[in-house]
Amino acid sequence: MSDFPRGPVRLPTERTSAFDPPAEFAELREKCPVARMDFPDGHQGWLITSYPEVRSLLADPEFSARQELHHHAPYDHPFGKEPIRPAEPGFFIGMDAPEHSRYRRLVAGQFTKRRIALLTPRIEEIAQSCLDAMEQDGAREADLVAQYAQPIPALVICELLGVPLADADRFKGAIQRFFHLGSDAEESRNAYLAILEYVSELVARKRADPGDDLISGLIARDELDDQELAAVSLLLLVAGYETTANMIGLGAFTLLTHPDQLALLREDDTLGDNAVEELLRYLPLFRSGGMRAATRDTDVLGRQVKAGECVVLSLAAANRDPARFGPDADRFDLRRTATGHVAFGHGPHQCLGSQLARLEMRIAYTALLRRFPGLRLAVAPDEVPLRDDMVIHGAHRLPVAW
Ligand code: HEM
């Protein structure tokens with residue numbers, strides 16, 4: 001029997017590279033996949049790093065997603081410095097069935113694969129217009145994050161929700177502050193309230209003057225009050241923007257630093273969908289992962305998880321589990337079959353926007369590589385500033401040239 005680890009662990013957060021999860025995850029997954037974990041506020045919970053357990057607990061209704069139950073922050077961050085209240089009505093990511101299912105059902109129809117595929121021509125247009133702007137006045141260099149990876153999901157989610165483009169800067173700044181690890185509890189709360197105030201005004205405007213968008217559609221169904229409508233809109237705005245923007249940016253960085261893989265993709269366009277799945281599997285986007293609270297005593301791989309204890313389900317560690325993805329799971333290989341990864345979670349809370357995110361990524365890479373056959377990093381890889389100060393990982397800037 002291994003004596004590793006010698007006591008409860010802290011959540012590993014130090015990365016040794018832009019693309020890899022903290023190195024400690026590999027040893028934990030191999031020797032102690034269900035590990036006792038100390039939370040910064042003194043709570044003792046669990047850190048789960050193996051693929052089968054992460055996946056099965058994400059789908060286990062006895063492990064609650066109610067945010068007031070799993071309120072112990074797994075690492076020092078602004079949300080952890082004040083008690084977390086129950087989710088506002090409509091903010092369904094922090095709820096369990098039946099409330100969760102009721103809200104989710106109301107919007108799920110807008111996010112099916114078929115529905116999302118209809119957005120293809122518009123997303124292609126958006127990508128092309130960003131590329132045109134990058135090339136304006138004969139420019140040969142750009143910041144791929146500010147000029148491409150961020151505007152594509154921002155424009156897409158704005159159009160979907162019916163948010164006027166002129167308002168985008170208002171919520172983008174607030175979302176940045178909300179996810180910034182340096183924000184204190186008050187700044188973080190104020191950022192949240194600023195987004196909430198914005199979406200509440202938006203709902204009022206849509207009620208008075210409906211358009212052809214998701215919020216107006218929800219208003220027409222007449223099943224949610226204004227507070228619920230605002231919370232649903234806020235969730236979609238926050239969940240749909242930063243995640244996808246960082247995936248597009250970090251994914252482009254990955255391709256540009258793995259020339260053999262980039263060459264494969266350039267040679268064979270049909271590898272595009274595979275490349276997207278592999279990037280989703282390979283890149284650790286979230287600092288912690290899924291958070292749940294046990295609602296009854298449960299045996300997980302022989303460890304006794306007690307009711308009330310928090311579990312951190314590391315999506316990044318699960319996505320690199322050799323038992324699921326093979327002995328070379330730490331290698332970025334876009335010919336691999338990466339399906340089954342948990343980058344979008346699993347179970348009832350599995351990402352509602354997964355088809356949209358996939359489509360945005362696919363279009364973004366295809367359009368980018370076609371436009372710039374000679375695309376390259378404009379700085380050394382270790383000069384790319386990483387988002388070590390943010391909840392969602394990625395690059396702050398990605399200087400490229402062509
Ligand atoms: C690459 C981009 C994205 C990644 C990696 C991602 C990842 C995730 C993950 C891991 C969850 C599950 C959280 C949990 O179980 O606690 C989730 C939930 C969610 N995501 Fe995404 N997401 C992405 C893009 C999007 C987009 C584009 C949207 C839509 C506009 C979106 C909307 C949501 C919503 C509404 C939930 C909550 C679902 C529920 O609780 O039922 N996401 N996402």
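Keep in mind that this is a model prediction, so the values were computed, not measured.
With hydrogens and angles disregarded, no donor-acceptor distance shorter than 3.5 Å links the side chain of N319 to the backbone of Y282. Side-chain atoms of E278 come within 3.5 Å of backbone atoms of D333 as a donor-acceptor pair (strictly under, hydrogens ignored). At least one donor-acceptor pair closer than 3.5 Å links the side chain of R266 to the backbone N or O of L369. Counting only distance, with no hydrogens or angles, the side chain of E197 and the backbone of L193 share no donor-acceptor pair below 3.5 Å. Under the 3.5 Å distance criterion, the side-chain polar atoms of D96 are matched with a main-chain donor or acceptor of A65. The backbone N or O of E62 lies less than 3.5 Å from a partner atom in the side chain of T295, making a donor-acceptor pair. For the pair H349 (side chain) and L58 (backbone), a donor-acceptor distance under 3.5 Å is absent. The main-chain N or O of L334 is found under 3.5 Å from a side-chain atom of N274 such that the two form a donor-acceptor pair. Formation of a donor-acceptor pair under 3.5 Å by the T298 side chain with backbone atoms of R296 is found in this model. Checking side-chain atoms of N246 against main-chain N and O of E242 turns up a donor-acceptor pair under 3.5 Å.
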Task: Stepwise side chain to side chain contact (heavy atoms under 4.5 Å, CB included) check, I219 with I215 - done: CA-CA 6 Å; I219 293 175; I215 301 180; 4.2 Å; yes

- [ ] List the steps and the verdict of side chain to side chain contact (heavy atoms under 4.5 Å, CB included) for Y241 and Q150.
- [x] CA-CA 8 Å; Y241 167 59; Q150 287 180 342; 3.7 Å; yes

- [ ] Assess whether salt bridge (charged side-chain N to carboxylate O under 4.0 Å, His left out) is satisfied between R205 and D167, documenting all intermediate values.
- [x] CA-CA 13 Å; R205 271 191 270 157; D167 293 356; 3.2 Å; yes

TODO: Starting from the C-alpha separation in whole Å, work towards a yes-or-no answer on salt bridge (charged side-chain N to carboxylate O under 4.0 Å, His left out) for K206 and D213.
DONE: CA-CA 9 Å; K206 301 275 169 205; D213 55 72; 3.2 Å; yes

Open item on the list: side chain to side chain contact (heavy atoms under 4.5 Å, CB included) for V54 and T49? Distances and angles first, verdict last.
Closed with: CA-CA 7 Å; V54 165; T49 46; 6.0 Å; no

TODO: Would you sort out whether R370 and T366 count as a side-chain hydrogen bond (donor to acceptor under 3.5 Å, both in side chains), showing the intermediate values?
DONE: CA-CA 6 Å; R370 281 203 188 132; T366 306; 5.7 Å; no

Task: side-chain hydrogen bond (donor to acceptor under 3.5 Å, both in side chains) evaluation trace for R371 with Q128 - done: CA-CA 9 Å; R371 178 75 68 108; Q128 293 302 336; 2.7 Å; yes

TODO: Please lay out, stage by stage, how F171 and C158 fare under the test side chain to side chain contact (heavy atoms under 4.5 Å, CB included).
DONE: CA-CA 11 Å; F171 72 77; C158 279; 3.7 Å; yes

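The structure places CG of L368 at 5.0 Å from OH of Y148, a figure rounded to the nearest 0.5 Å. Interatomic distance, NZ of K306 versus CG of D297, reported as 5.5 Å (0.5 Å rounding). For the atom pair D273 CG and T339 OG1, the distance stands at 11.5 Å (nearest 0.5 Å). The CG atom of L237 sits 10.5 Å away from the CG atom of L160 when rounded to the nearest 0.5 Å. Atom CD1 of I93 and atom CG of L236 lie 10.0 Å apart (nearest 0.5 Å). In this structure, CD1 in I363 is found 8.5 Å from CD1 in I152, a value given to the nearest 0.5 Å.
Side-chain contact check for P12 versus L47: some heavy-atom pair is nearer than 4.5 Å. Under the 4.5 Å side-chain criterion, counting only non-hydrogen atoms from C-beta, I126 is in contact with E159. Using a 4.5 Å heavy-atom cutoff, the side chains of M291 and V312 are in contact. Contact annotation: the side chain of L283 never approaches that of F332 to less than 4.5 Å [non-hydrogen atoms, C-beta and beyond]. With contacts defined as side-chain heavy-atom distances shorter than 4.5 Å, the pair R287/L181 qualifies. Residues L301 and P52 are not in side-chain contact: their nearest non-hydrogen atoms beyond the backbone lie 4.5 Å or more apart. Two residues are said to be in side-chain contact when any heavy atoms from C-beta on lie closer than 4.5 Å; Y192 and L234 meet this criterion. With contacts defined as side-chain heavy-atom distances shorter than 4.5 Å, the pair R336/D328 qualifies.
The shortest non-hydrogen separation linking P121 to L118 is CD-O, 3.5 Å. Nearest heavy-atom pair, P33 versus S50, reported as atom, atom and distance to 0.1 Å: CB-OG, 3.4 Å.
Using bins of under 30°, 30° to 60° and over 60° for the plane-to-plane angle, the ring pair W402/F372 lands in the parallel bin. Between H43 and H72, the ring planes lie parallel to each other; the angle is under 30°, not in the 30° to 60° tilted range.
Geometrically, R320 does not engage F25 in a cation-pi contact defined by less than 6.0 Å to the ring centre and at most 45° from the axis. Judged by the 6.0 Å and 45° rule, R281 forms a cation-pi pair with F325. With W46 as the aromatic partner, R36 meets the cation-pi criteria of under 6.0 angstrom to the ring centre and within 45 degrees of the ring axis.
Here R105 does not pair with E223 in a salt bridge; the nearest charged N to carboxylate O distance is not below 4.0 Å. With respect to R303 and E309, no salt bridge is recorded, no charged nitrogen being found less than 4.0 Å from a carboxylate O. Ion pair E125/R122 flagged as a salt bridge, since at least one NZ, NE, NH1 or NH2 atom sits closer than 4.0 Å to an Asp/Glu carboxylate oxygen. Comment: R358 engages E277 in a salt bridge, judged by a side-chain N to carboxylate O separation of less than 4.0 angstrom.
Counting non-hydrogen atoms of neighbouring residues, nucleotides and ligands closer than 6.0 angstrom, the CZ atom of R114 reaches no more than 12 such neighbours. Taking a 6.0 Å sphere around CG of D132, one finds it holds more than 12 heavy atoms contributed by other residues, nucleotides or ligands. Counting heavy atoms of neighbouring residues, nucleotides and ligands inside a 6.0 Å radius, atom CD of Q304 exceeds 12 of them. No more than 12 heavy-atom neighbours from other residues, nucleotides or ligands sit within 6.0 angstrom of CZ on R397. Within 6.0 Å of CZ in R335 there are 12 or fewer heavy atoms belonging to other residues, nucleotides or ligands.
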